[in-house]
Every structure is written in C-alpha cells, then in structure tokens.
J.: 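One structure follows; several queries about it will come next.
Worth knowing before you read on, the calculation uses all heavy atoms, side chains too, and leaves out hydrogens, waters and symmetry mates.
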Amino acid sequence: MRGVKKQHLPTKICPVCERPFTWRKKWAKNWDNVKYCSEKCRKTT
C-alpha cells in the first residue's frame, strides 16, 4: 500500500458500530481477517 493516497485505501464496515474504517499499516498482513474497527467493538460481541 506504499504510495497510495488515503482516499484510495480499502475500507470495510464494522459489524458492531456499522461505521466504515480504512486499511491501516498494522493490518497489512491480515486485512482479510480484520472485522472490527477497534478493540472496543471487538470486545462487545
């Protein structure tokens, strides 16, 4: 994802808060497995 503008990053919808969240560098290796936008949303399920 190097050199990609923020507006062109992939996005997903969080199933808990239903808000969109964008790709982060720390999620680069497991983006396909990321479901929640934050730890708070992950813990509420």
Side-chain angles (χ1 to χ4, degrees):
M1 290 293 163
R2 178 172 239 152
V4 177
K5 294 186 179 186
K6 288 183 180 182
Q7 63 207 26
H8 299 298
L9 291 174
T11 60
K12 290 185 179 183
I13 304 294
C14 178
V16 176
C17 65
E18 297 181 359
R19 294 182 182 181
F21 62 96
T22 57
W23 181 92
R24 295 184 190 174
K25 188 174 181 177
K26 69 178 184 178
W27 293 333
K29 293 182 181 179
N30 64 346
W31 175 245
D32 294 332
N33 298 327
V34 174
K35 295 179 184 178
Y36 307 105
C37 64
S38 64
E39 281 292 313
K40 181 180 177 183
C41 282
R42 188 180 68 80
K43 289 180 181 179
T44 57
T45 58

J.: Indicate if I13 and Y36 have the same hydrophobic cluster label, given that clusters are the connected sets of ILVMFWY residues with side-chain heavy-atom separations under 4.5 angstrom.
T.: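 Different hydrophobic clusters.
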J.: What residues form a side chain to side chain donor-acceptor pair (under 3.5 Å) with E39, not counting sequence neighbours?
T.: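 Checked E39 against side chain to side chain donor-acceptor pair (under 3.5 Å); matches are R42.
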J.: Side chain to side chain contact (heavy atoms under 4.5 Å, CB included) with K29: which residues, sequence neighbours excluded?
T.: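 Checked K29 against side chain to side chain contact (heavy atoms under 4.5 Å, CB included); zero matches.
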J.: Considering residues at least two apart in sequence or located in another chain, which fulfil the side chain to side chain contact (heavy atoms under 4.5 Å, CB included) criterion with T22?
T.: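 Applying side chain to side chain contact (heavy atoms under 4.5 Å, CB included) to T22 gives T11.
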J.: Taking only residues two or more places apart in sequence or in another chain, which ones pass side chain to side chain contact (heavy atoms under 4.5 Å, CB included) with K12?
T.: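 So K12 forms a side chain to side chain contact (heavy atoms under 4.5 Å, CB included) with F21, W31, V34.
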J.: Under the side chain to side chain contact (heavy atoms under 4.5 Å, CB included) rule, collect the residues that match up with D32, sequence neighbours excluded.
T.: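 Side chain to side chain contact (heavy atoms under 4.5 Å, CB included) check on D32 returns nothing, list empty.
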J.: How long is the straight-line distance from SG of C41 back to CD of E18, given to the nearest 0.5 Å?
T.: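 Reported value, rounded in 0.5 Å steps: 10.5 Å.
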J.: Where do C37 and R24 come nearest, in terms of heavy atoms and distance?
T.: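 Looking at all heavy atoms of both residues, the shortest contact is O-NH2, 3.9 Å.
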